[in-house]
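In the text below, chain A, chain B and the rest are named by the order of the sequence lines, each starting its count at 1.
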Amino acid sequence: MLQLTSRMYRFSLLMLLSLTVYCINAQANEKQGEGDIKINLTATAIPLKDVFKAIQKQSGLFVMYSNSQAQINREEKVSVSFKQARLDDVLNALFGPRHLGWRYSDKTIVLYAKADEVVETKKNGSDSSITTLSVSGKVTDAKGAPIPGATVQVKGSGIGAITDAQGLFSIPKVKSSDVLVVSSLGYQPREINPQGKSILVQLGVDVNDLGETVIVGYGTTTKRFNTGNVTTVKGEDIARQPVSNPLAALQGRVPGMVITQTTGVPGGRIDVLIRGRSSINGAVNNDPLYIVDGVPYPSQMLSNINNIGRGGSPLNFINPSDIESLSVLKDADATAIYGSRGANGVVLITTKKGKNERTGIDFNINSGFAQIGRKMRWLGREQYLEMRREAFKNDGAVPDQNNAPDLLLWDTTRYTDWQKELIGGTAHYTNAQLSISGGNKDIQYLVGGNYHRETTVFPGDGADRKSSVYFNLNNASPDGRFKLNFSGSYTSDRNSLVYSDLSSQVPFLAPIAPKIYNADGSLNWEKSTWSNPLATLECKYNGETNNLISNATLSYILLKGLNVKVNLGYSNMQVDEVTPVPTKLFDPAYGITTGRSTFNNSAVKSYIIEPQTTYEVTVGKGLLQGLLGTTYQKTLNNGRIIRGTGFSSDALLKNMQAATTLSVTNIVNEQYKYAAVFGRLNYNLMEKYVVNATIRRDGSSRFGPGKQFATFGALGAAWIFSSENLIKRVFPVMSFGKLRASYGTTGNDQIPNYGYLDLFSTIPQALPYQSMQGLIATNLFNPDYAWEVNKKLEAGIELGLFKDRIFASLSYYQNRCSNQLVGYPLPAISGFESIQYYNSPATVQNTGLEILLSSTILKNHHLNWTLSANVTIPKNKLLKYPGLESSSYSTTYIVGEPITIARVFNNKGVDPETGIYIYGDAKGQPVSVPNPATDQVSIVNATQKFYGGITNNVKFKGFELDLTLQFVKQVGQEYLATYMPGYYYSGGYNQPTWIMDRWQKPADNKPYQRFSQSDYSIGTGYQNASASNIGYGDASFIRLKNVSLSYSLPNKLVSKARIATARLYLQGQNLLTITGYQGLDPETQSVNVLPPLRTIIGGLSISF
Amino acid sequence: MFKVVNKKLEIFLFKTCELRNFAILVSIASLVCCFTRCKKIVDVDPPITGLSSKTVFTNDVNAASAVTGIFQSIMVSPGEFSGGNIGISLKLGVACDELKVYSSDNSLEEIYTNKIQTINSINYASWAFYYKYIYECNAVIENLNASSQLSASTKGQLLGEVKFMRALLYFYLENLYGEVPLILTTDYRRNSTAKRSDTVEINRQIIADILDAQTLLTPEYKTPSGQTTSERVRPNRNAVSALLARISLYQKDWHKAETASTEVIDDSRYELLNDLTTVFGKNSTEAILQFQPTGPGFNTYDGYSFILDDNFNSNSPAALAQSLVSSFEANDQRFRFWVGNYNGYYFTYKYRIKGGGGGSSLDEYTMVLRLAEQYLIRAEARAQLGDLNKAVTDINIIRKRAGLDALSGNLTKDSILSVIMHERQTELFAEWGHRWFDLKRTGRLDAVMESVAPSKNTVWRSFAKLFPIPSTEIVKNPVLTQNPGY
């Protein structure tokens, strides 16, 4: 940690230094003039006249002004702090806000009002003389920051102007009787009578959503002017949900984004897919790029040995309550700035920042519980016995102690509901959080800490504990030109949950299985007739993950409109795991006397440095914004898994030294380097027409020599047609209307490192051969693969009706992914079963329609009800695949069909004579053992047909109710039977109750095969059936994803306790699921994985 | 006034044009410069876990590691050549009339009943094994040939060893599957769409590799660095000749089989051991080639799987079939010492150490080629050539060691040949599929299997003499055709 911070510090120092040099170089070329004279002056509340004296003393220049030109009160008290400041800067700081300009003339500084007034008398036919004047001024927001691009118009005439980047405008020839209308989108318009010639207009922020800042790659825009497709989820919407992984809070909220929780185990893997699968290889993750405060964040855990969470999710180590907002970037316009990494979409996470407010303390505590929301119906005792006895009868076999210990040796009157026993418990959930924020105009800070503890529904006393600290610091120099933003978060997670997901045991335990513990509390092995399912509780797994994310942004306004900035980031995620396997885990009959342990240490470190220059200028009637930047990123993955055996005592299993043999079973040592230059030009003409162009040239170490660099880019445009006068006249109810379109290319370098090297590696876990450590070729030599290209086209329309009370948006997208960088299965004759990096000639197209509708249904000062709904209708298609027939995918894909299809056997039901499944072969002839090479003639498309969510928010007095429904229409993997109904192995196989609808005697026409305890063809029959048309079914569901009810205590009450706000709340997650799916859960589509839990918590939040 | 305007204009121009443009220029230039100058900015070092081929084949030690790695990797876990529950000895033993399966492993059950599905996992593992190590051999051969920095002696030894390995792999592959794709390069684009090659072509390649290996290797056993050693774990010239003798026998080239086996038998390094329990020990004098086990805590995986000291399980799934037990003559010392008995189940006890518990010392190596087979090869070749007396002499050497009476009297060629087959059955049982291949090459497979099929509760179908090509292979490479019958 110490080393880390010092490195970080050195790193930032270096950057600061180079930035300074950069600035000095830029200025050195300017001619040395009066403006560059250095001034030193620090004082608090001194009159202006004293400041003038000091300036005169130090520069030799006398300050002159005329009261008619510049209203200055010499006695006005000011506070100044100048160190080696340029005179120009000093004057700007003093007089800039007063709208005064200055010039140097003969040892004097002449102050003048910035807008020179020209008064002229104009003769007019009817009007003898009207006074017109030239009016200039500045438009700012409530905090004094300039508003560029605001419209200043003379009411009732076409005369007007648009403010420049500094918010300045000037209109010649304004009559003194005229009224100026100052408006800017996102702000409340104001009418001003131009009394003076120089005016300052402050606009209040419009509560309208359209003015909301939208965070995009390397900058911000507003919802109104955004040319791309970005969905933003606010921190408050995430905080309303009792989830520990922020991704889980996005379900049903982001059109075009499918989030699948693969397990209900804390910290478990969550799959994210933005706008469909584009990789033809099912094993390739189409993960989006995650950026947390400018720092790239891993999407996959590194070498995690504890697989209970199905690989885990790194996002689990980001505290949901630290998130200010989360933006999902989808189309080319939004993602092309991330070039090679943007193909699968980008998720930008912005953490909370300190605010310019009084010091405040926020305290939040909550606690609750969770249980599985759905259960499967498994055979009870009698049904199980019936099944087993029928199986023996069917086989003409007699139960003996080898094939039927359950019937002969066990107590057949026992009954255990294993589902209840193993996953029917209650998980507890505790969360406490404290944050302090405050600051003034120049410096703002936020410091917070969080503690989270979560258990599971399994038996045992394991828990997942997360503690995190978070801080943010913003600082600006007095002149506002230099800004620093520094933030960091550190999360420490300690996981002591049971080593394996006990859900996986449920199907393998007969309802009459023996008791778990003997009377003396030891594990019962029932004379070695079963595997005790709770033996795994003896494994005292311990996993620790420490995650640091830090980021610094330094920016400097070099010149008017020209800003240089550098973003520095460092992240480090360290995983430290011990998985002991004590002797207690095993049946003593096995005679295992020594335990073993697996130690896993791994770390992912990432550095990023991104110098950027932004430039803003008014060109014609529009505002041109430019961005130019570079990225340099380096990621280091290091890890090792060490296996120790021969531990003499179970108590020493966590001590590596106590092992008699240690072997390194896995070593990871990888470097990834990435560099890029990127640029963006955005032109906003009259706040009606916006064009946005992006380009990025990328280089990545994941490609071989000569293939490292590639260029990506996009063009986006938007037309705010509601600003056209014609539209305003014809459709007065339409308050907002925008058409937008974009097209561009993005890439994907999400492939493993070193793929191009033909590496010879050591052989893990092998003794030396002839005292020599050998090497073996571990990679196919393959230097030719190059960048994948994803072409994205998007068109959208956004409409606001009735003063934006109804807001609708419709987007159509078409993404085509070609030159795919995918693993390609090879026949084993090539020496390897797949090649990991291969440019496939296939082109996969994802198209879709995203519809978003939100409306304020009721709004008065008591009641506010908003409703928002979204739906996505995706479509996937394999557009072309030259050479598909001769490729290894020839029996997987069909050109013109989705890549989500599965080609499956055609199950023709149970043969009424034999009681086993029959299938149609390639020619439609019935066979009992179909050939996978030729007989997979049916096609199923196991994917979402449409999905979306509905969110309601009702505020009534102090109450606030939030309700989110998630709905998915999909086809998924169904569940038929566990191996061979009637067979016994280890703890016995239990079966779902529907299996009782089985074949029993010739001429029976039943959906399930006959019971058997030895006929392997029954087992094979079920294996084939899961890979047949009957293995798939409707897995659609509607889920009451989140309900949150809160009550803010009345001010009168709390203010007595010096509390600013106090809020009580109840939150529920996954409360209700409506589905026709047979298995455990339609989302996980599995019977042996813990389903997403139903969680209910209550809490209290107080701000001082 | 004019002056002021002028000055203002000057500052304006200066500020707006020069400085601004300059600043922009500097930014662009520095960014672009930084980027282009450091074209190597995205170059990375290879990981510490491996070396690129360019580094490996630049010095003798690393090159020797690459060859050693092939043996080390083959032997680290149970597999086709290293033995165990999916090894060739067990697999072909259960496929014919040597072993009976007692486990519930579906894949092994299919092999036992000769009803192998094309998705059989053991069969796939075996197929993939051959081609994985053929790739490794090809990669090493390509790199050795391309390298100019190695000493001639090292390069020669290593090339010889790898060519022997490639011949050995193709020998078994061809005998298991028939006409298989002949892969001789590392180019995955060509290899992944390779067709089957005919037997003539495969045999020509096997012989070419053997002849190369014979020229390149010496009769001495070598260490990776070329020193002479007593460890018989890398092929020498005798190992090559022993393989050549076997291949010639399979190809009915009796003369070549006789010459090649004689070459080995005449080498004083080898002698038959009278203590049968030591035959399979490490560096046994009977060994022509052994592979040293590299799985920590294990001796041979065949020992681990064959020796029964517990119930049958997935690691020890088989026992001797009655047909083999009853084929031993009375007083056959091989039955006494090489067959164990656990609760009435007979098991292969050639390897004496079960291992697997961890910590035991390494005393047994996996036997690949041994002298007894060479005597039996020569006996058969001589009998086929009509040299019946010499054939009987060779057979009697084997029988004598087994504690059996010498053959006597005038025997016909056919009866001698059938004695040889019987001796092969009892001498070489549960070793590398000898029985299966012997039945197959002598055309007796159908007859024998039909007679044992009822005891296996199955029906023998003649096409089962070849194993099926795994169906996934045909899916991935549609030009590959399935063996008939599957």
Dump the intermediate steps for side-chain contact (heavy atoms from CB on, under 4.5 Å) on B:N62 and A:F760, then the final yes or no. CA-CA 10 Å; B:N62 285 349; A:F760 278 77; over 6 Å; no
Using non-hydrogen atoms and a 4.5 Å limit, figure out which bit of B:S192 sits close to chain A: side chain, backbone, both or neither. both
So, the part of B:Y130 with a heavy atom under 4.5 Å from chain A: the answer is neither
Below 4.5 Å, heavy atoms only, C-beta onward: do A:Y769 and B:V67 meet side chain to side chain? no
Verdict with supporting geometry, B:S65 and A:Q773, side-chain contact (heavy atoms from CB on, under 4.5 Å): CA-CA 6 Å; B:S65 305; A:Q773 186 57 53; over 6 Å; no
What are the two closest heavy atoms between B:W127 and A:A828, and how far apart are they? CD1-CB, 4.0 Å
Pair count under 4.5 Å, heavy atoms only, with chain B: among A:T762, A:L759, A:T778, highest is A:L759
Determine yes or no for a side-chain-to-main-chain donor-acceptor pair under 3.5 angstrom, with B:Q72 supplying the side chain and A:G774 the backbone. yes
Close side-chain approach of A:Q770 and B:T229, heavy atoms under 4.5 Å: yes
Residue B:P224 versus chain A: region with a heavy atom under 4.5 Å: both
What part of A:T661 is in contact with chain B, defined as an atom under 4.5 angstrom from a non-hydrogen atom: side chain, backbone, both or neither? neither
Under 4.5 Å from any heavy atom of chain B - which part of A:Y674: backbone
For A:I776 and B:S73, which heavy atoms make the closest approach, and how far apart are they? CD1-CB, 3.5 Å
Counting only non-hydrogen atoms closer than 4.5 Å, does B:N138 touch chain A with its backbone (N, CA, C, O), its side chain (CB onward), both, or neither? neither
Can you tell me which of A:V929, A:N669, A:T593 forms the most heavy-atom pairs within a distance under 4.5 Å of chain B? A:N669
Smallest heavy-atom separation, B:T294 atom then A:P768 atom, equals CG2-O, 4.1 Å
Please classify the contact between A:T1020 and chain B as side chain, backbone, both or neither, with a heavy-atom cut-off of under 4.5 Å. side chain
Checking heavy atoms, do the side chain of B:R189, its backbone, both or neither come under 4.5 Å from chain A? side chain
Would you mind checking which part of A:Y632 comes under 4.5 Å of any heavy atom in chain B, side chain (CB onward), backbone (N, CA, C, O), both or neither? side chain
Under 4.5 Å from any heavy atom of chain A - which part of B:V233: both
By a 4.5 Å heavy-atom criterion (distance strictly below it), what part of B:I134 contacts chain A: side chain, backbone, both, or neither? neither
Count the heavy atoms of every other residue, nucleotide or ligand shown that sit under 6.0 Å from CD of A:Q401, and state whether that count exceeds 12. no
For A:L767 and B:G295 the tightest heavy-atom approach is CD1-O, 4.0 Å
Taking side chain as everything from C-beta outward and backbone as N, CA, C, O, which of these in A:Q633 sits under 4.5 Å from a heavy atom of chain B? Side chain, backbone, both or neither. neither
Would one find more than 12 heavy atoms of other residues, nucleotides or ligands at under 6.0 Å from atom CG of B:D309? yes
Give the member of B:I183, B:V140, B:N106 that has the highest number of heavy-atom pairs under 4.5 Å with chain A. B:N106
Heavy atoms only, distances under 4.5 angstrom: which of B:L480, B:N191, B:V479, B:V44 has the most pairs with chain A? Name it, please. B:V44
Atom group of B:Q482 that falls short of 4.5 Å from chain A, counting heavy atoms: neither
Checking heavy atoms, do the side chain of B:F312, its backbone, both or neither come under 4.5 Å from chain A? neither
Counting only non-hydrogen atoms closer than 4.5 Å, does B:V61 touch chain A with its backbone (N, CA, C, O), its side chain (CB onward), both, or neither? both
Applying a strict 4.5 Å limit to non-hydrogen atoms, the region of B:E110 in contact with chain A is neither
Just so I know, are the side chains of A:M772 and B:F71 near enough to count as touching, which here means a heavy-atom distance under 4.5 Å? no
Can you check side-chain contact (heavy atoms from CB on, under 4.5 Å) on A:I829 and B:K476, steps first, answer last? CA-CA 10 Å; A:I829 56 170; B:K476 289 173 179 175; over 6 Å; no
For B:V475 versus A:S890, what's the shortest heavy-atom pair and its separation? O-OG, 3.4 Å
Looking only at non-hydrogen atoms, find the nearest pair between A:A766 and B:V76 and report the distance. CB-CG2, 3.5 Å
Of the listed A:P764, A:G1019, A:P827, the one with the largest count of heavy-atom pairs under 4.5 Å with chain B is A:P827
Please classify the contact of B:K115 with chain A as side chain, backbone, both or neither, using a heavy-atom distance under 4.5 Å. neither
Pick from B:R234, B:Q117, B:E231 with the largest number of heavy-atom pairs that fall under 4.5 Å of chain A: B:R234
Where the side chain of B:E136 meets the backbone of A:A777, is there a donor-acceptor pair that is under 3.5 Å apart? yes
Between B:F129 and chain A, with a heavy-atom cut-off of 4.5 Å, which part of the residue counts as in contact: side chain, backbone, both or neither? neither
What residue in B:Y124, B:Y133, B:Y131, B:Y486 has the most heavy-atom pairs under 4.5 Å with chain A? B:Y131
Look up atom OG1 in B:T55 and atom CG in A:L775, then write down how far apart they are to the nearest 0.5 Å. 10.0 Å
